[in-house]
Student: 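Once you've had a glance at the structure underneath, I'll fire off some questions.
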Amino acid sequence: MPLLEAQGISKVFGKLTALDGAALTVGENEFHGLIGPNGSGKSTLMKCVAGAEVPTTGKVSFINTDITAFTPTERARAGMSLKFQITSVLPTLTLYDNILLALQAHCSLFDLVLSRTRNKLHDQVMTMLTQFRLADRAHDAAAALSHGQQQWLEIAMALAGKPRLLLLDEPTGGMSLEERRVTGELLQPIKQHCSLVIVEHDLDFIRDICDRLTVLDQGKVLASGTVAEIQANKSVQEIYLRRA
Amino acid sequence: MASTFAAAFEIVSFGAIIVLVVLGLGIIASMMGIFNFAQGEFVLLGAYVTYLAYAHGAPVWAGMVAAPFVVGAIGFVLEALIIRRFYAAPIVAMLGTYALGLIIRESVRGLIGGFYLTVPEPIGGSIDLGSVHISAWRFTIIVITLLVMGGCYLLLARTSFGLRVRATLENPALARASGISTPLIYGATFAFGAALAGLAGALIVPVFSLFADLGIRFLIQGFVAVMVGGVGSFIGPVAGAGVIGTLSAALPWVMSPVVADVLVFVLAIAFIKFRPQGLISGKGV
Amino acid sequence: MPEQTFLDIRHLDAGYGRSQVLFDVNIGIPWRGGVAVLGRNGAGKTTLMKTIVGELTCSQGELFFDGRDITRRRTEERVRSGIGYVPQEHSVFARLSVRDNLAVGSLFNSDSSAVDRVLTIFPKLGQRLDQPAGTLSGGERKMLAIGRAMLGNPKLLLLDEPTEGVWIGVIEEITERLIELAKSISVVIVEQHLDLALRVADYAYVLDRGRVALQGGASEVRSDPELLRYLAP
Amino acid sequence: MRSWRAATVSLIPRNAERSMVGAREAVARVGEEPDVVTGEGAPAASAPAGRASAGWKVLPIVEGLVLLIALVLPWVLQDYLTVFATRVVILALFALSFDLVWGYAGIMSFGQALFFGAAGYGVALMARDLNVTSILLVLPAGTLIGLTASLLLGGFLLLGRYPSSVIFVSLGTLTGSYAADRLARGWYYLGGQNGIPSIPPLTLGSYEFEEGPIYYYMVLGILVVVYLLCRFLVRSQFGLALAGLRENEQRIAFFGYKAQHLKAIIFAVGGTIAGLAGSLYAFHEGFVWPNMLGVVFSTQVVLYVLFGGSGTLIGAVIGTVIIEGVSFWLSDNYRDVWPIILGALLLLVIMFRPLGLISFVLGERERVGSFGKAPKETGNAAP
Amino acid sequence: TGALATGVGSWVVRPDWANAAEGPIKVGIATDLTGPIAYAGNADANVAKMVIKEINAGGGLLGRPLELYIEDTASNESVAVGNVRKLIQRDKVDMVLGGITSSMRNAIKDPIVARGKTLYIYPQLYEGKECTPYLFCTGPTPAQQCDTFIPWLIKNGGKKFALPSANYVWPHTLNVYARKVIESNGGEVVFEEYYPLDQVDFSATVNRVISNKVDVVFNTVIPPGVGPFFKQLYEAGFLKNGGRLACVYYDENTLNINQANEIEGLASCLDYFKVLTKEDPFDAKLQAAYEKDFPGNFLFAAGSAATGTYRGLKLWEAAVKEAGKVDRDSVAAALDHAKIAEGPGGPAEMVPGKRHCKMKMYTAVAKGGNYEIVARSDGLVDPKEC
Ligand SMILES: Nc1ncnc2c1ncn2[C@@H]1O[C@H](COP(=O)(O)OP(=O)(O)OP(=O)(O)O)[C@@H](O)[C@H]1O
Ligand SMILES: Nc1ncnc2c1ncn2[C@@H]1O[C@H](COP(=O)(O)OP(=O)(O)OP(=O)(O)O)[C@@H](O)[C@H]1O
Ligand SMILES: [Mg+2]
Ligand SMILES: [Mg+2]
């Protein structure tokens, strides 16, 4: 039984059908890449999975439960975590607090009011900040980060909740090759406890870290399979040659 | 039949008055993101200018023509001196405009001595249609409201000025980076909103007489109208005002006015709860 | 530094409030041709762009554009005198339709066929004309931003990561356009795709912690052993 | 201006002021497109971040000073001024309740007076019809009324399928308090327009709390206790969750916070405190009247807090003291023009200190606060 | 005489002479100097200044000068309570006169009478039913305004009455009384209806008036609604068809709300109208004295409690003289049956045990923007309260 199974997802915006019966299956501890041309519906599919959009039709199940009707909060509590394509850190809070906020999301109200997890989480916060090379900025406001730094902070926040499934929508946008490589390295260790869906345009990056790929085109799944299968797929090669 | 017609006329005419008052409020709220608590005082200023003209012997209509220009100019100056500082913080802006409104209102109260002063309508009397009499001035207001509405729509939707305004208020930094002079646009928009309020004040002062709380009387109603219609477009607040105006004039026909008064607000809030985007969404300017 | 400078940045210091980001930056941009600005995350590339276009005021230094001192000029004046800018974030008017976004771009352009030309470059936009720009996909938005900036007929085009989130096929398209453009105007590009950047640019600056760490012709920089050190996080 | 449905989540303006219109978020869901940019002004976050890291915290000093002044006040004031000061302290308590919901959780409660007034009316009725004046019954009853009213209103406005926008909540609460005001005016049992006069003094056993120093110290004691509780709350990890709520409600929902519940909880806490203040006020003033429920008081409390500086607690107290004090003094000395002078004063402060008076001494970083363990090393801005 | 000082506290009008032995008697005025009904409050304060000046000029009271303390109630009950406390606790005044609206009276009566243990005089025409000890009312009550007026209306207007009203205590209570008088005189109330205080659109009401062929609109709608209401009635042809407007708080101030032709024939019943100066030498003197001291906009008029203020102060003066001291109980005992022979509109006397005041009442009709007296009471009318 796969960890995540989204089937027959359609999303219609007015006249536009952004998703047309797309499907996405992700197994346990699998790194899954989602690729496709601009506007093919990748972000929309991610949002449907995370609950940010309500699909027009289709069904999403996660860890053997049908979560189609779940709110984003419920999905997060079930173990899902999303980084949006457009960064949305909490600008006036410090980096430290941004991460702590993500970490403590699952604490009980009682713990929060009495701050009982503050000490326990401190080390985790600092570890994450150090991992993402942001430790020296821990007490700056998130708004003072450059775009690329915010991307990292976002990834850190998404990871903080110890999700079973991590959804990353273009995490490496605005990063240099080097930085991408580092990001890839940072993501590797989570494989032990977590699956990943990642939207990326950088094929090399995808190839390096993903086990399986799904290719979307105009809202439909064009192909899905291992990296090697996809690379060999004729129609996939075609859309890579196609322009715009 | 006759009384149905009279009823319809009265209801529509009050709706038109609310629309007129809300036009400027809506433009400033939708375009600039500022809920202008001083808007009522701009209405008051419009009324006051008309009164001044009348009191100094000029014809009332001359005062009415002057009012939007005078109030627009005042709005332009106030924007440059004060409002400009508030765009980044809309809640603070509410407070700031509240203070501004307080100053204007109390000054005018001082000037008119707290009285209720009458200003005659330039077109007085009533139009007799058989057994029904409809107020000639209210009829005029309906006509002018329609014209002004149309004019505003064309200005905002069809001209490059409208495009600049919308772009600036949406993303000022990017607008500047597209070559638009944002300070000018801000000033012009605010002045335009103020001028509309001035016009509204000028036109309604014969109906309600001049008193210091003339404008604030309509303020909460105006905000509710803007919300019901939907913030962010020109059409939205206008539609909202039409609905709120006609509703508050129509309900007293069928129930106790005291109940009707509260009911309008309750209905409005329930409506917004279940349709948070307002009456008009996704369409129009 | 290139010989003839169209935009001349001298001893520039800039930053946000009290935190200074750029330190004594000297950059020259030629009349035509591409210039790449490289650097790792947080190096100050975006800050530099914003300072050139006037969104940030510089605390020290001077900017000369087309021989005139524009240090104290307002953004819109700089833009109208021929600087086009594609910001890294918030690069479209989200609530305006695609059509209106393009219309804003061509406010100061009397050539009515310009929009059509942009639509032939980015046919995707043509299918989305009435959609609010905020609902475009990430890549579509970038295309729109570039299209909008090109409509202003700039003499100097600043692009802050124009290809972020853009599909490979379209990147290729954009690159070719930029190479084409760089023949007639000057193009400053901040770009993470090193190869792309250096294809467009003849000259490159590498920023490191707000200072120009390296500069030179595109091929020189490409082969500079130091380069990678400056780009690694 | 097309379609604000599309407009979506705005990044919250960086200085933590939430845009009323930024509340276009209403329907929008996270992540669609935060391309709505703050506004004209320079982002406040770019203001100095350094001040707080100097080691000295300004806030505790200010708090200590205010407390000190409050403690010695009755010794230096004439009798009637002590009575006036008592009233101000009660209003400060009321302001605290608003600061909690707006300054910390970003819920624009434009109808905070509803809870204040409802509790006031409730205890006034108890005194009038049941002869209950014991402080041991009155204050719990008042708080309970505040709690119930705010739970009901909060439940309607804040819970539901879609997150409620700031503007909707502000309007909803405003309408709620407006409707209550109208109801009180129209309902004879509540005394109509005239309200309920001649409430007997508060008692404890056989002791009667007359207005004066004793009443003052009692109210001050309550204020201090509530203040400390609030302070503890907003600096806890729960406070961090509130800050997240204020910054971007939808975002933290994706972390797994039950954002709407959090909002409802803090709203109810605010309502409870307002209820406490309302019951003290009713007995201190000796009468209740519809304005106490309505727009006038609701706006006033917003004014206090924004004037003093929201999101700092002490700012609310300072704002109340200064606005009330200055109006009192102005109305004495510039009778005819005092509303105008007051307006001008407000305007000046707001123009030059949009973050309130407190920002004269308080840096941005300390105002927003940080919630983790105390920083060991200071952050440095430029790498 | 009487310098106006702005000291640490309220506005104090000090006499220019002092009686070292006992010091001045302190009179407190708490009224709406700012806010929507400031025009009325300022007139009241002016009247008080005038009366105190006159008493001081005549040698004061009990050989002591009077000192006047004026506080603003600002149309805001909570401000008012604070300021009234100043009068009581700081200035220690011997008597407080003031308050215009009923809600204001309600708010300040407790701090004055119960907690403040001071005498309180309320000068405005009101709905009655105020029976608090030590609280004396010197304005007209519903009985005084309706008893002669309504029969006159039936005779000069018609039998079918409409009672459109603002929704607050005064109209409610007044209407109960008015309805009784209407029905006992053979009239009929077609409808009685209440509106929010700030309602400004009355199309539904006007329609009801017209379609029910109402003869008399007995109005208790107040500003800001009243102006548009009368205008809408006029435009709908109510006056043209012979309808009669009646409004018992309408005085010289309120005449300006509408254009003269819109309220032609409006009838009002009050204790004083300015036209009385033509026939009554005392009124003429009083009015002239007021206008000399206070030219300008704040008219000496009955609807704004100016006459009640004058009456109240003079009755209190008489009571103090009789009591010979100023402590509350003695003065209250004397005030209980105090009389004045001359006052605005004629003599006045307190009804013993009732703490309300008998006075003459006049019915006047608006003609071309001015009042004409059309009827007057025979002698003093009983307030019928408490
Ligand atoms: N709210 C909306 N209203 C209308 N159309 C929308 C909306 N959201 C997305 N779309 C359209 O749906 C299509 C799919 O968008 P989506 O964001 O999923 O693309 P994507 O695959 O993520 O592309 P990219 O790689 O450019 O980010 C796009 O053409 C976009 O314009
Ligand atoms: N609003 C701000 N306030 C304070 N500091 C800021 C602000 N914006 C950026 N900075 C800081 O300025 C430095 C330069 O940022 P800039 O955005 O110019 O980097 P960049 O080179 O564009 O990076 P990236 O590749 O990540 O976009 C960074 O250290 C960043 O943290
Ligand atoms: Mg996408
Ligand atoms: Mg950047």
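Because the structure is predicted, anything quoted here is derived from the model rather than measured. Proteins come first, then strands; the chains are lettered A, B, ... in the order of their sequence lines, and each starts at number 1.
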Student: Test of understanding: with ring-ring contact (aromatic ring centres under 6.0 Å, His included), list the residues that count as partners of F37(B), not counting sequence neighbours.
Tutor: F223(B)
Student: In the structure I gave you, are the side-chain heavy atoms of F76(B) and F190(B) within less than 4.5 Å of one another anywhere?
Tutor: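 Side chain of F76(B) against side chain of F190(B), heavy atoms only: no contact under 4.5 Å found.
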Student: Kindly write out the residues that satisfy ring-ring contact (aromatic ring centres under 6.0 Å, His included) with F265(B), not counting sequence neighbours, or none if the list is empty.
Tutor: Y178(D)
Student: Is there a side-chain contact between L100(B) and I83(B), using heavy atoms and a 4.5 Å cut-off?
Tutor: yes
Student: Test: salt bridge (Lys or Arg N to Asp or Glu O under 4.0 Å). Region: residues 16-25 of chain B. Which pairs qualify, not counting sequence neighbours?
Tutor: none
Student: Please tabulate, one pair per line, the N or O donor-acceptor pairs under 3.5 Å between chain B and chain C.
Tutor:
from: R166(B); atom 1: NH1; to: D100(C); atom 2: OD2; distance (Å): 3.0
from: E170(B); atom 1: OE1; to: R95(C); atom 2: N; distance (Å): 2.9
from: E170(B); atom 1: OE1; to: R95(C); atom 2: NE; distance (Å): 3.2
from: E170(B); atom 1: OE2; to: A94(C); atom 2: N; distance (Å): 2.9
from: E170(B); atom 1: OE2; to: R95(C); atom 2: N; distance (Å): 3.3
from: N171(B); atom 1: ND2; to: H90(C); atom 2: O; distance (Å): 3.4
from: G179(B); atom 1: O; to: R80(C); atom 2: NE; distance (Å): 2.6
from: G179(B); atom 1: O; to: R80(C); atom 2: NH2; distance (Å): 3.1
from: S181(B); atom 1: OG; to: E76(C); atom 2: OE2; distance (Å): 3.4

Student: What are the two closest non-hydrogen atoms of L22(C) and L48(C), and how far apart are they?
Tutor: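 Closest approach of L22(C) to L48(C), heavy atoms only: CD1-CA, 3.6 Å.
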